[in-house]
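This report refers to the structure that appears directly beneath it.
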Amino acid sequence: MKSLKLISSAIAMLICFVSMAQERTISGTVTDKSNLPLPGVQITIKGTKKYSQTDYDGNYSIQAKKEDALVFSYVGMDSQTIYVKDSNIINVVLKENNAQLQEVVVVGYGVQKKSMVTGSVSERKGKRTKIQAESNSLYTPSPTITIRGNESVSPKNEPLYIIDGVPAKANQMAKINPNDIDNVSVLKDQAATSIYGSKASNGVVIISTKNEIYKNLTEKELDKKLKILPIPTEPTQEDYDSFVENAFESPKTAPLSTFSIDVDNASYTNIRRFLNNGQQVPKDAVRVEEMVNFFKYTYPQPKNEHPFSINTEVSDSPWNSNNKILKIGLQGKNIPTQDLPASNLVFLIDVSGSMEDMNKLPLLKQSLKILVDELRPKDKVAIVVYAGAAGMVLPPTSGDDKKTIINALDNLQAGGSTAGGAGIELAYKIAAENFIKSGNNRVILATDGDFNVGSSSNSDMEKLIEEKRKTGVFLTCLGYGMGNYKDSKMEILADKGNGNYAYIDNIQEANRFLGKEFKGSMFAIAKDVKIQIEFNPKQVQAYRLIGYENRKLRPEDFKNDAIDAGELGSNHTVTALYEIIPTGVKSDYLAEQPDDLKYTKTETNSNNYNGELATIKFRYKKPDGEKSIEMVQVIENKSVVLEKASDDMKFSSAVAWFGLKLRDSKLIANKSSEEIVKLARQGNSNDGEGYKAEFIRLVETSKQYN
């Protein structure tokens with residue numbers, strides 16, 4: 001009998017083990033029928049106690065097996081059951097259920113039982129309250145909200161707003177700090193007009209704040225009090241390197257502009273995090289080139305022996321009407337997965353005490369599981385962790401043995417101090433010992449950046465990484481968390497090593513960077529890629545590189561193969577923008593140019609190069625090479641009006657425009673968010689993943705902080 005129990009127990013454990021081995025990460029977004037994200041939706045695996053919830057943007061992730069039934073539940077919405085099949089991404093649209101109402105609601109200045117209210121009433125409570133509206137959420141600056149089911153002769157069809165018992169306007173309601181909201185109730189039909197009269201014929205939105213902070217105010221007092229500043233970053237312990245934006249330069253005194261390419265996009269996802277949390281974006285967190293390069297553009301594949309194609313376009317500047325924009329786009333060669341070299345990866349994971357939060361180590365582990373799913377049998381992974389000390393928790397393991405790798409990740413726990421230097425040393429040592437010639441040798445550092453390397457941390461770290469890049473091992477930095485996030489350290493690591501850098505703010509970003517864009521993120525097809533451009537002073541009075549402030553090089557660095565520059569991944573795109581002041585244009589942005597210099601005057605033949613705007617040169621090395629290869633291309637002096645420019649030109653210009661606005665640039669005349677949105681919409685094409693549409697929403701959301 002005892003042996004039967006043991007056998008039964010063993011079988012049960014085996015079944016459990018097999019079941020766990022079949023689990024994978026399922027993620028997606030939950031919205032309503034107006035495509036508004038729903039925060040706080042509960043996702044339960046039917047028949048179990050296992051559940052997850054959507055975040056602020058309606059995003060979720062959960063571990064589930066094929067054929068599991070996921071039940072999506074939300075107050076006021078019909079529940080929906082969806083079975084897991086082959087896809088790892090399940091997006092859901094929930095429909096309203098007006099029958100799911102509370103027993104008692106606040107109406108006007110009193111309380112009524114729901115049975116006494118003849119019209120529909122819906123209610124939301126908590127920090128992230130949202131009104132389910134026809135077109136806009138509570139957080140748009142001038143929302144046009146229509147209570148569903150209403151028929152009105154009002155041209156705007158807008159409801160009446162009541163804040164703590166005080167009648168308010170839509171723009172006042174939109175400025176309420178989301179953290180102050182305690183309750184939102186929506187009334188329509190007779191329930192609204194019986195209390196507020198005909199002015200409530202379009203329905204009523206009743207907002208109650210914590211401690212009734214707007215109670216008994218007049219309309220003018222309410223308007224004055226609601227002219228609030230954006231929510232400051234909390235706490236103020238995040239660290240960003242400060243820099244001064246590039247100024248206009250004359251091609252007569254500065255004939256060459258030289259910089260390293262940048263494929264990083266951490267700045268954009270970090271900015272997205274701030275805006276989604278209703279926080280003001282720190283000026284130095286905005287790196288315009290990383291915003292532009294978050295998005296993919298439709299450049300053609302290379303058709304020659306070089307690993308990338310070069311594409312240029314000239315059009316009007318949307319923010320300074322008399323100026324021009326030059327767009328330079330690189331498209332990396334798309335190498336089929338089966339043809340990619342074998343990978344020797346070392347996960348270097350920060351497990352210090354600062355990594356305890358849910359959006360740090362727990363998200364980190366789920367992120368790296370996505371990467372593990374992409375590995376092939378010929379790939380191998382080792383795991384090094386650091387806290388008070390560094391240690392190897394997984395020796396190099398075949399990508400075919402995913403269960404062992406995932407188990408090692410699952411066993412990681414946070415605790416201890418943050419001595420990152422020892423971890424970096426050990427990770428590079430293991431990568432070097434298992435080096436694959438002509439392979440993809442890479443350390444993947446995952447951290448919040450809050451670590452120490454030496455007595456003078458940043459300078460010591462810079463020297464350490466510059467030394468380690470000589471080993472031929474590439475570097476990928478994955479940033480996590482908020483509050484104490486150290487962007488400055490992550491940027492140094494990526495810039496000084498053969499590195500790239502991403503900020504992972506949610507599981508969807510992990511899916512994008514480590515899953516869908518795995519090849520571009522993890523496999524370099526060219527390294528030390530530099531760009532040098534010489535503008536023709538006959539056509540260009542002044543120029544400035546937009547962004548890339550931390551990637552600028554001296555002219556003599558261009559041909560110096562000892563100088564490090566950025567890497568380009570398989571099928572990756574890189575975009576750079578220059579703003580140009582054409583000759584003959586008067587501009588307030590130009591410094592006074594001396595005209596009596598003796599030695600800098602040059603004599604040119606007026607018949608030469610009139611059709612050329614600039615000459616552009618590129619230098620790059622093969623991933624395992626040490627000598628650069630040079631490419632040269634002439635840019636014709638041809639410009640198209642912005643209305644006829646490519647979608648890529650319009651959208652990339654809109655993203656740069658928004659970045660310059662967030663940085664409070666003194667070099668843009670037009671700072672209209674409406675115009676930025678308009679241009680972005682005109683250029684919004686090839687957006688299967690919805691990232692460009694998300695950008696437009698972020699710009700619209702940010703208008704309330706202007």
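- Salt bridge Lys671/Asp664: present, at least one basic N to carboxylate O contact under 4.0 Å.
- Note that NZ of Lys527 is 5.5 Å distant from CZ of Phe474, once rounded to the nearest 0.5 Å.
- Cation-pi geometry between Arg663 and Phe243 is satisfied (NZ or CZ under 6.0 Å from the ring centre, within 45° of the ring normal).
- The main-chain N or O of Gly520 is found under 3.5 Å from a side-chain atom of His572 such that the two form a donor-acceptor pair.
- Residues that satisfy the side-chain hydrogen bond (donor to acceptor under 3.5 Å, both in side chains) test with Arg512, not counting sequence neighbours, are Asn265, Glu509, Glu517.
- Classification of Lys496 and Asp564 as a salt-bridged pair fails, no side-chain N sitting under 4.0 Å from a carboxylate O.
- When ring centroids are compared, Tyr691 and Phe294 come within the 6.0 Å threshold.
- Lys692 forms a cation-pi arrangement with Phe651, by the criterion of a distance under 6.0 Å to the ring centre and an angle within 45° of the ring axis.
- Separating the CG atom in Asn246 from the CD1 atom in Ile546 is a distance of 9.5 Å, to the nearest 0.5 Å.
- In this structure, Phe308 has its ring center at least 6.0 angstrom away from the ring center of Tyr299.
- To the nearest 0.5 Å, the span separating OH on Tyr485 from CG on Asp448 amounts to 8.5 Å.
- For residues 309-328, the set of pairs meeting the salt bridge (charged side-chain N to carboxylate O under 4.0 Å, His left out) definition, not counting sequence neighbours, comprises Glu313-Lys327, Asp316-Lys324.
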Requested in this report: Under the salt bridge (Lys or Arg N to Asp or Glu O under 4.0 Å) rule, what do Lys516 and Glu689 come out as? Steps first, then yes or no, please.
Outcome: CA-CA 10 Å; Lys516 297 169 190 172; Glu689 302 296 334; 2.8 Å; yes

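- Using a 4.5 Å cut-off on side-chain heavy atoms (C-beta onward), Leu275 and Leu698 make contact.
- Aromatic ring centres of Tyr503 and Tyr268: separated by at least 6.0 Å.
- A side-chain hydrogen bond (donor to acceptor under 3.5 Å, both in side chains) with Tyr501 is found for one member of Asp264, Asp487, Asp262 and no other, namely Asp487.
- Residues satisfying the side-chain contact (heavy atoms from CB on, under 4.5 Å) test with Gln633, not counting sequence neighbours, are Ile310, Thr312, Ile616.
- Here the CD atom belonging to Gln541 is positioned 7.0 Å from the OG1 atom belonging to Thr583, to the nearest 0.5 angstrom.
- Going from atom CG of Leu590 over to atom CD of Glu249 covers 12.0 Å, rounded to the nearest 0.5 Å.
- Not counting sequence neighbours, the partners of Ala446 by the side-chain contact (heavy atoms from CB on, under 4.5 Å) test are Leu364, Leu478, Tyr480.
- With a 6.0 Å cutoff to the six-membered ring centre and a 45° limit on the axis angle, Arg544 counts as a cation-pi contact of Phe248.
- Counting non-hydrogen atoms of other residues, nucleotides and ligands closer than 6.0 Å to CD of Glu630 gives a total above 12.
- A donor-acceptor pair under 3.5 Å is absent between the side-chain atoms of Arg287 and the main chain of Tyr548, judged by distance alone.
- In this structure, Thr258 contributes its side chain and Gln532 its backbone to no donor-acceptor pair below 3.5 Å.
- Using a 4.0 Å cut-off between charged side-chain N and carboxylate O, Arg272 and Glu694 make a salt bridge.
- With rounding to the nearest 0.5 Å, the separation of CG in Asn670 from NZ in Lys661 is 9.0 Å.
- Annotation: side-chain contact (heavy atoms from CB on, under 4.5 Å) contacts of Ser628 (sequence neighbours excluded): Asp561, Arg619, Lys621.
- Within a 6.0 Å radius of NZ in Lys678, other residues, nucleotides and ligands contribute 12 heavy atoms or fewer.
- Scored by the side-chain hydrogen bond (donor to acceptor under 3.5 Å, both in side chains) test, Ser309 finds Asn311 as partners (sequence neighbours excluded).
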